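Model, not experiment: these values are computed from the prediction. Numbered from 1 within each chain, the chains take letters A, B, ... in sequence-line order. No hydrogens, no waters, no symmetry mates; every other heavy atom, side chains included, goes into these values.
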2 protein chains.
Amino acid sequence: MSEPLVVGLSAVIVAVTDETPRVLAVRRPGAPGAPEGWGLPSGPLDPERDRTLELALRSWVRAQTGLELGYVEQLYTFGDRERRTAGPWDGPREISIAYLALVREGAAPGPAGATWLDVYDLFPWEDWRRGGPPGVDPVVAPAAARGVGPAGGPSRTARRERADIAFGLGGAAWDGDRVLDRYELLYETRAVAEALRDAGGGSRPTAGTGRALALDHRRILASALGRLRGKLRYRPVAFELLPPLFTLSQLQRTVEALAGLRLHQQNFRRLVEQGGLVEGTGKIETRTGGRPAELFRFRREVLRERPAPGVGLPGRRRRRSADGAA
Amino acid sequence: MSEPLVVGLSAVIVAVTDETPRVLAVRRPGAPGAPEGWGLPSGPLDPERDRTLELALRSWVRAQTGLELGYVEQLYTFGDRERRTAGPWDGPREISIAYLALVREGAAPGPAGATWLDVYDLFPWEDWRRGGPPGVDPVVAPAAARGVGPAGGPSRTARRERADIAFGLGGAAWDGDRVLDRYELLYETRAVAEALRDAGGGSRPTAGTGRALALDHRRILASALGRLRGKLRYRPVAFELLPPLFTLSQLQRTVEALAGLRLHQQNFRRLVEQGGLVEGTGKIETRTGGRPAELFRFRREVLRERPAPGVGLPGRRRRRSADGAA
DNA sequence: ATCACTTATACTCATTGCTAACATAAGGCG
DNA sequence: CGCCTTATGTTAGCAATGAGTATAAGTGAT
């Protein structure tokens, strides 16, 4: 019942600065030859000291990066044998309990060895704010749809179907939440660097598939982004990333950054304002250019008024025109 | 980094039979004096044999109960020190990775020592299909709202606020998904049997707070029910619990059983039919009484047509009449 | 000072989705 | 044969959404 097993905690710490979602990365020790040394902050669970898993996480994140985490939520527990990198290596099996944490912009970058990475450098195909990412859509989606099995075989057909759903091909709608599905398809079809690394193969990753992280950390991050996008819809998580007072544009840009979408400004305003999510303070923010904006704050009372308060995002309704001729 | 830690897997295996959601429970070994011996099926992770966590789960569930699981989804990882029962006991810290599995009704109950428990025997306050559960609402909700701290103190006020939101008191709306919130409030206020047991206290649990399970298994089940209710909205999970062919009434009763709510029949029908979730086969089910019903099947194509296909449930919109005078 | 430009905010309108009621169909049963 | 039960079909009204148009209030250039 208790074999050699190591339990660790990983943290996906997200902030949004300058309309860019960022994730905190640390340089991984070990793996000295590898050119890519970045990974998620990880730490042990000390059963002696930490009463709960979440406290353990907060404690070593504080020690390791100086950050005091606010919003923290458990994400997923990763424990597949293939987690470890590169081929058959017989160290102890490692299980990692991943957490998602949100911090306000301007949080200190912490000690040396930690940086904020642009999330969309790791997932270029997820950012649709300026239309489909240039050059990515025509490359990445087909890469995910092409199979590794025999052409025309059942596994190929099934993967094709999955790719259509994940990437919104062949009449399917794009669902922003399916970040993990998309990454996993790219991994399975050996389009991303990690897949080649783990297989020990020497070929080059498909262009436009973003930069890699250590171990399965990009997969963990994909889970986190998908979860976060989903949660935007029904929990007021966006406010965890903003200062106490903010303009509606700031709020909208933050949501857009996470969702990877542009939103209709007037409707967004109506939704959050009439939805009771925010309330105006009288104060005025003197903007860089244009008319000054009112400063708003989050209305906590909305939690008792509405069952699932979140910002309005498209993609939960039927496709506008489903001319799905594959 | 590796202290005495045991990693186990727990399974919340859910079926719906006769309009009743049921969960598979096994008699717990050990705890010989305790009157309540039921708990969730649990098993080890064998790092040698099982390539992934999910495979490990399927494998020992098969061995232990004879069930071949279909739909399986990871739920949450529980690792608080307080998991273990009854006071300071210094065995190894145990971490449990909980999974939710759905099986079709009529699945064999498996070998001796396993039964299906009615979920609402464990959470009577969650079943609103016949109006508020008789006698429960006036008792349970106040129990959750009363505090253990000093009266009027900040912790009391905060708990009151949480109770209002969780139980839909004081003008707040009832949110079916907040199963865990409600159970945790009842635990914190020592209303449920487990809280008294874990504290070693001798008093009696509040009437109407349902039967207990071993360890933190009722908490795990609360997570599962909440997750399942949420998922009904945007994933076609209900079909995992039904035979391949079913009438719309069967489908509705299954959904109602899980949601703990009565639904408007005509609207439900329109939503699933026009929503493309089901398609009629020509076949007719000769019912017990009344007009025979057509048999339907799940339309898999809906997955590519709609981003988040699920059955319509109330509770995602604004409260009908928000006359929230506490 | 005024104009062009930028951003914020307000209002309108059509469409879609949801609620709830009404109406009809098709069996079993006394 | 009429009544009960359950299934199925239709429609009006309202709420939420998506998208367009208009106005307000600043900044900086001419």
Side-chain angles (χ1 to χ4, degrees), chain A residues 19 173 233-234 245-253 255-256 259 261-296 305-322, chain B residues 19 173 233-234 245-253 255-256 259 261-296 305-322:
Chain A
E19 317 189 22
R233 288 206 176 71
Y234 62 97
L245 294 186
F246 48 84
T247 68
L248 293 187
S249 295
Q250 269 181 288
L251 174 60
Q252 178 172 353
R253 283 193 295 267
V255 171
E256 287 176 335
L261 292 173
R262 280 256 163 267
L263 301 174
H264 184 113
Q265 175 168 302
Q266 292 90 329
N267 291 339
F268 181 83
R269 156 179 303 270
R270 184 182 51 192
L271 279 171
V272 297
E273 226 175 343
Q274 291 192 21
L277 232 67
V278 298
E279 61 188 352
T281 68
K283 308 196 187 66
I284 297 296
E285 162 81 328
T286 318
R287 299 280 312 113
T288 47
R291 173 175 171 175
E294 186 172 4
L295 284 168
F296 288 76
E305 292 165 4
R306 289 172 55 186
V311 301
L313 284 182
R316 258 25 186 160
R317 13 191 52 199
R318 202 95 73 280
R319 198 165 161 66
R320 302 100 176 83
S321 65
Chain B
E19 318 188 22
R233 289 207 175 72
Y234 62 97
L245 294 187
F246 48 84
T247 68
L248 292 188
S249 294
Q250 270 182 287
L251 174 60
Q252 180 173 351
R253 282 193 297 267
V255 171
E256 285 176 336
L261 291 173
R262 282 256 162 268
L263 301 174
H264 184 112
Q265 175 166 299
Q266 290 91 331
N267 291 339
F268 181 83
R269 156 178 304 270
R270 181 169 42 76
L271 280 173
V272 297
E273 225 174 345
Q274 290 191 23
L277 231 66
V278 299
E279 62 188 351
T281 66
K283 308 195 185 65
I284 296 296
E285 162 80 326
T286 318
R287 299 280 311 115
T288 47
R291 172 174 173 177
E294 185 171 6
L295 285 167
F296 288 76
E305 292 165 3
R306 288 172 53 189
V311 301
L313 285 183
R316 261 17 188 165
R317 15 192 51 201
R318 202 94 75 278
R319 198 166 160 64
R320 301 100 174 81
S321 66

Applying side-chain contact (heavy atoms from CB on, under 4.5 Å), run through L245(A) and E285(A) and close with a yes or a no. CA-CA 10 Å; L245(A) 294 186; E285(A) 162 81 328; over 6 Å; no
Run the side-chain contact (heavy atoms from CB on, under 4.5 Å) test on L271(B) and V311(B) for me, step by step, so that the C-alpha distance in whole Å, both residues' side-chain angles and the decisive distance to 0.1 Å come before the verdict. CA-CA 7 Å; L271(B) 280 173; V311(B) 301; over 6 Å; no
Expressed as a whole number of angstroms, how long is the span from N267(B):CG to dT11(D):C1'? 12 Å
State the CZ-OG1 distance between R291(A) and T286(A), to the nearest 0.5 angstrom. 13.0 Å
When the distance from CD of E285(B) to C1' of dA26(C) is rounded to whole Å, what number comes out? 15 Å
Whole angstroms only, please: what is the CD-P distance between E294(B) and dA26(C)? 13 Å
Give DNA chain D the dot-bracket treatment, 5' to 3': Watson-Crick (N1-N3 with N6-O4 or O6-N4) or G-U (N1-O2, O6-N3) under 3.5 Å, [ ] crossing, | other strand. ||||||||||||||||||||||||||||||
Considering all heavy atoms, the nearest L313(A)-A259(A) contact: CD2-CB, 4.0 Å
Atom CD of Q274(A) and atom C1' of dA16(D) are separated, to the nearest Å, by 10 Å
Between dT16(C) atom P and R306(B) atom CZ, what is the distance in whole Å? 15 Å
Enumerate all atom pairs, one protein N or O and one N or O from nucleotides 21-25 of chain D, separated by less than 3.5 Å.
unit_1  : atom_1 : unit_2  : atom_2 : d
dT21(D) : O4     : Q266(A) : NE2    : 2.6
dA24(D) : O4'    : R291(A) : NH1    : 3.4
dA24(D) : N3     : R291(A) : NH1    : 3.2

Pairwise distance CZ(R253(A)) to CG(L263(A)) - rounded to 0.5 angstrom: 12.5 Å
Checking all strands, does T247(A) fall into the base, sugar-phosphate, or nothing category for heavy-atom contacts under 4.0 angstrom? nothing
Rounded to the nearest angstrom, tell me the gap between atom CZ in R262(A) and atom P in dA19(D). 15 Å
Expressed as a whole number of angstroms, how long is the span from Q250(A):CD to dT9(C):P? 12 Å
Closest heavy-atom pair, R306(A) versus L277(A), reported as atoms and distance to 0.1 Å, is NH1-CD1, 3.8 Å
Atom pair CD/CD1 of E294(B) and I284(B) - distance to nearest 0.5 Å: 5.5 Å
Find the distance Y234(A):OH to dA16(D):C1' and express it as a whole number of Å. 21 Å
Using 0.5 Å steps for rounding, measure from the CD atom of Q250(A) to the CZ atom of F296(A). 11.5 Å
Would one find a side-chain N or O of S249(A) under 4.0 angstrom from OP1 or OP2 of dA8(C)? yes
Residue mapping more 5' on DNA chain C - nearest nucleotide basis, A293(A) or R270(A): A293(A)
Please confirm whether the backbone N or O of Q274(A) pairs with a side-chain atom of R269(A), one donor and one acceptor, at under 3.5 Å? no
